There are 2 protein chains.
Amino acid sequence: MRDKAKPAGETRAADVLHRMRADVISCTLKPGAKLRFEALREMYGVSFSTLREALSRLVAEGLVIAEDQRGFIVAPVSMEDLIDLTYVRVLVERECLALAIEHGDDGWEADIIGAFHRMDRLQTRLGSNYYLSEEWGKLHGDFHFSLVAASGSPNLLEIRQKLFERAHRYRRMSSQFRTKWRAKDVEHKMIMDSVIGRDTAKAQELIERHIRETTENVIKHAGHLFVQVDDERQGRSADVAAE
Amino acid sequence: MRDKAKPAGETRAADVLHRMRADVISCTLKPGAKLRFEALREMYGVSFSTLREALSRLVAEGLVIAEDQRGFIVAPVSMEDLIDLTYVRVLVERECLALAIEHGDDGWEADIIGAFHRMDRLQTRLGSNYYLSEEWGKLHGDFHFSLVAASGSPNLLEIRQKLFERAHRYRRMSSQFRTKWRAKDVEHKMIMDSVIGRDTAKAQELIERHIRETTENVIKHAGHLFVQVDDERQGRSADVAAE
DNA sequence: TATGAGCCGATTTTCGAAAAAAATCAAACC
DNA sequence: GGTTTGATTTTTTTCGAAAATCGGCTCATA
């Protein structure tokens, strides 16, 4: 992420918002890190007010926390949050799946197959370290979204998307520490088949396991990074600052 | 809401955020209304940037919509949104209740009883038109929150809260047009009793009916206000502007 | 030595003017 | 007559300087 912005069509603040969200999710901006305006201004090439606007939206999304009169920090990660997040995601994803399977039409099925193949193809092309790639993360997100896209509930889908992004940050944390990746592609294939086969119970069962196993892997590989919240304002973070 | 702010402890932008959120929810700022900066600046007595920050957060909360390069509007209301919102709320409230009943302790029960009595007392004091009062709306919200406060899932509670506020806007819309109020207090009492009696199934059943009946009443009394989304950008809104 | 009042540098928060973009209106053209 | 083009006005968006606030430090006092 360097100097000059490229505000193509959208507003400059919206551009910064997108970039900052991506940077938080990908842990380029590390959990718990203090966000100093001077540094951010240089990083994204915009002014105070514009930054502040982007930060404010991230606050409302739960990716950044505002401490009144004391600036902003990247939302910390913790074991408790990961576990809670997993719980809520299971609830929401199961419901989304049921709705989508109920309402989905042929076009929806086609989109799923398309999304799967895009993800699968890139995976083959990138080889064993595919999961570190930013682009694969995107396609993986698209695939999971395609499964539930036909749910017909905008409100639920919006909630799902925010939870997914929060979880992606945890996935990303663990992927740095892993040398071998479990057979996700097989899981994805099975989930897709059960969804298109309109087997609601099985699809829900599979997605739940998929989510839970991912969480377990995150805890196993990245659990040591999590902040143990002390008593006072102390528990800054286990890790680095913005720069 | 007039001129000078009272930024007690919190930041001025946070203060404006709270006031604007209340004004959107209470429909002082009408659904679909264009939000012009000059007018808002006068209304809340702060500068452009500060306003923009507050608006940005409301955007992420779904109460305000940003149209790139064309400013902000209050999120419109619609039949479809109300129905979808109701669906999601039922799902979330049921889950929250189950969790709270499972995890709640004595203190939790005491808080519920306290919240109920505060609401009930004000209701008696205000007489037949209690539901128009801003203060009752607050205590009503507090009561419903107390029921689920012990759920132990911060993420789910946060989602619940935002959904509740969105729904409050619809409730508020209909309350203007109603002369008689159904026996909510009896319903609240029954819900409270089943929750404290740890009867999960019954509590879920009652809260679901409570939500659905409220929605039906909103549709009956305020349905005519909803925007029928036309084709193009046209569907401005059925109603008035900020001032 | 412990306590705390007051000052100083660093950082955040607010402001309103300036730049950019969209909307409005009018004249010219087909 | 109706549509396009271009200038003017209104509204939004961005900027960086100025004000407010915080956190740490010193130093006086008990």
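Lettering follows sequence order; numbering is per chain, from 1. Values in this document were obtained by computation on a predicted structure and should not be read as measured data.
- For B/Ser49, the side chain to side chain donor-acceptor pair (under 3.5 Å) test picks out no residue, with sequence neighbours left out.
- Remark: B/Lys138 engages B/Asp142 in a salt bridge (Lys or Arg N to Asp or Glu O under 4.0 Å) (not counting sequence neighbours).
- Rounded to the nearest 0.5 Å, atoms CZ (B/Phe72) and CZ (B/Arg36) are 14.0 Å apart.
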(request) Scan nucleotides 11-20 of chain D nucleotide by nucleotide, 5' to 3', and note B when protein non-hydrogen atoms come under 4.0 Å of the base, S if they reach only the sugar-phosphate, - if neither. (result) SSSBBBB---
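- Residues A/Ser26 and A/Thr28 have side chains that bring a donor and an acceptor to within less than 3.5 angstrom of each other.
- Ring pair B/His140/B/Phe164 is tilted by interplanar angle, where 30° to 60° counts as tilted.
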